[in-house]
Amino acid sequence: CSSKYVLSALHPMWQGPLVAPGGNRQSPIDIRVRKSVFDPHLKPLTPDYDPGTCSQIWNNGYSFLVEYDDTTDKSILKGGPLEDNFRLCQFHFHWGESNAWGSEHTVDRRLFPAELHMVHWNSNKYRRFEEAVMEENGLAVIGVFLKIGKRHEGLQKLVDALPAVRHKDSVVEFTRFDPACLLPANIDDYWTYAGSLTTPPLTEAVTWIIMKQHIEVSHDQLAVFRSLLFTSAEEEVQKSMVNNFRVQQPLRGRTVRSSFT
Ligand SMILES: NS(=O)(=O)c1ccco1
Ligand SMILES: [Zn+2]
């Protein structure tokens, strides 16, 4: 997908504004479970992904993006809080240098070692990602927390490809990966709120859908994420790609809804 136009301006600790000007729906946030409001009208989420649309992995100098061909409605997300059809564009992760932290969102202040983001754009209203990224209901991002535990068999194909994109701006062909294998068993229980991108351009375009159930990956699998570099092959000083998460943002009176009681 064309998220490269959105993320390529990134520097590891990107020099952009820490809070978008006038931002009152910024992300990430802490999800206060007891303050979330059960919404019985929320529908089950219905992702429908075609592994054939998987195209490449790209180290953009902030995370690694697994990119999908989003020129047709082959890999889409519907249902849940969404009124329209959203096309999968890419997925990526945020993680820490230690297992004690790394996620962007927290649940009652609880940090996870990493967080998966599956980025989709509204293909009923817009024609491409770059357009949707500037619009209020342009994007839908699924967030899934990662915990250290048993090896994630489905993730291993991705982990084995990462050494090929060790440096910033490297790209490797990557096909036939089904992103649904990274979703938890239960995708009916989630929190949802109106927020923003957590990396530049930080636009307030995102309907966030944060899964209550986490997935498990092994310590060794996460260690390969940490073997990636923020820096390009030419740079003298190599910097490990770790702690690529944004600081939490004020809730500003927003309500977080839950699909479960
Ligand atoms: N981290 S995230 O999913 O909010 C994102 C996607 C594109 C830019 O930032
Ligand atoms: Zn993200």
Side-chain angles (χ1 to χ4, degrees), residues 1-29 45 47 49 53-94 104-105 115-144 168-169 171 179 190-210 244-250 252 254:
C1 74
S2 47
S3 58
K4 57 177 60 57
Y5 306 109
V6 169
L7 296 175
S8 57
L10 287 185
H11 174 275
M13 295 307 160
W14 38 274
Q15 315 302 323
L18 285 180
V19 174
N24 54 17
R25 53 172 278 189
Q26 288 290 297
S27 296
I29 61 168
L45 214 50
Y49 299 134
T53 57
C54 189
S55 64
Q56 63 183 30
I57 307 173
W58 174 47
N59 178 333
N60 69 356
Y62 188 71
S63 184
F64 61 90
L65 308 189
V66 178
E67 298 195 293
Y68 284 75
D69 163 30
D70 61 354
T71 53
T72 71
D73 259 353
K74 278 187 183 164
S75 289
I76 53 114
L77 177 65
K78 289 195 300 193
L82 306 173
E83 296 300 318
D84 292 320
N85 191 63
F86 287 73
R87 239 177 239 178
L88 177 66
C89 166
Q90 49 102 333
F91 70 81
H92 62 273
F93 299 80
H94 303 263
E104 296 208 304
H105 291 88
E115 184 173 333
L116 159 66
H117 289 160
M118 300 172 75
V119 183
H120 311 74
W121 55 273
N122 188 328
S123 60
N124 285 153
K125 290 200 164 62
Y126 309 107
R127 293 171 48 222
R128 59 184 63 80
F129 176 84
E130 302 104 308
E131 265 180 62
V133 78
M134 306 312 284
E135 303 296 334
E136 192 165 339
N137 59 0
L139 305 177
V141 183
I142 295 177
V144 182
K168 175 181 177 187
D169 298 332
V171 177
Y190 58 82
W191 294 282
T192 182
Y193 77 97
S196 74
L197 296 179
T198 67
T199 67
L202 302 172
T203 44
E204 300 183 334
V206 183
T207 297
W208 278 97
I209 301 164
I210 308 289
N244 53 357
F245 50 83
R246 189 191 192 194
V247 294
Q248 294 203 332
Q249 303 296 311
R252 291 272 188 277
R254 284 173 283 178

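The shown structure was predicted, so the numbers you read here are calculated from the model rather than taken from an experiment. Throughout, numbering of the chain's residues begins at 1 and tracks the sequence.
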Pairs involving residues 72-82, ordered by first then second residue, that meet side chain to side chain donor-acceptor pair (under 3.5 Å) (sequence neighbours left out): T53-S75, D73-N85, D73-R87, D73-S123
Distance (rounded to the nearest 0.5 Å) between H120 NE2 and Y68 OH: 10.0 Å
Residue list, ring pair (Phe, Tyr, Trp, His ring centres under 6.0 Å) with Y126, at least two apart or on another chain: none
Any T198 side-chain heavy atom under 4.5 Å of V141 side chain: no
Taking every non-hydrogen atom, the tightest pair across V119 and F129: CG1-CE1, 3.8 Å
Any donor-acceptor pair under 3.5 Å from E115 side chain to H105 backbone: yes
Partners passing side-chain contact (heavy atoms from CB on, under 4.5 Å) against R127 (at least two apart in sequence or in another chain): E131
Exercise: identify the closest heavy-atom pair between P179 and M118: CB-CE, 3.6 Å
Heavy-atom donor-acceptor pair, T192 side chain to I209 backbone, under 3.5 Å: no
Where Y49 and I76 come nearest, the two heavy atoms and their spacing: CE2-O, 3.8 Å
Residue pair N137, T207: steps toward the side-chain contact (heavy atoms from CB on, under 4.5 Å) verdict: CA-CA 7 Å; N137 59 0; T207 297; 5.6 Å; no
E83 side chain near K125 side chain, heavy-atom distance below 4.5 Å: no
Test item: F245 and P28 side chains (from C-beta on) under 4.5 Å apart, heavy atoms: no
H94 side chain vs N244 backbone, donor-acceptor pair below 3.5 Å: yes
Gap between atom SG of C54 and atom CZ of F91 - 0.5 Å precision: 6.5 Å
D70 backbone acceptor or donor facing R128 side chain under 3.5 Å: no
Heavy-atom side-chain contact between V133 and L139 under 4.5 Å: yes
Least distance between heavy atoms, A132 atom then A205 atom: O-CB, 4.0 Å
CG on L82 to CG on L45, rounded to 0.5 Å: 6.5 Å
Distance, nearest 0.5 Å, that separates CD of Q248 from OG of S27: 10.0 Å
Counterpart residues, ring pair (Phe, Tyr, Trp, His ring centres under 6.0 Å), relative to F64 (two or more places apart): F93, W95, F225
W208 backbone acceptor or donor facing Y193 side chain under 3.5 Å: no
From I29 atom CD1 to E104 atom CD, the distance as rounded to the nearest 0.5 Å: 12.0 Å
Partner residues of N122 under the side chain to side chain donor-acceptor pair (under 3.5 Å) criterion, sequence neighbours left out: D84
Closest contact, heavy atoms only, V206 versus S196: CG2-C, 3.5 Å
Results of side chain to side chain donor-acceptor pair (under 3.5 Å) for T71 - residues two or more places apart only: D69
Partner of Q26 under side-chain hydrogen bond (donor to acceptor under 3.5 Å, both in side chains), chosen from R254, Q249, R246: R246
Residue pair G61 / N59: nearest heavy atoms and the distance that separates them: N-OD1, 2.8 Å
Atom pair CD1/NE2 of I210 and H117 - distance to nearest 0.5 Å: 5.5 Å
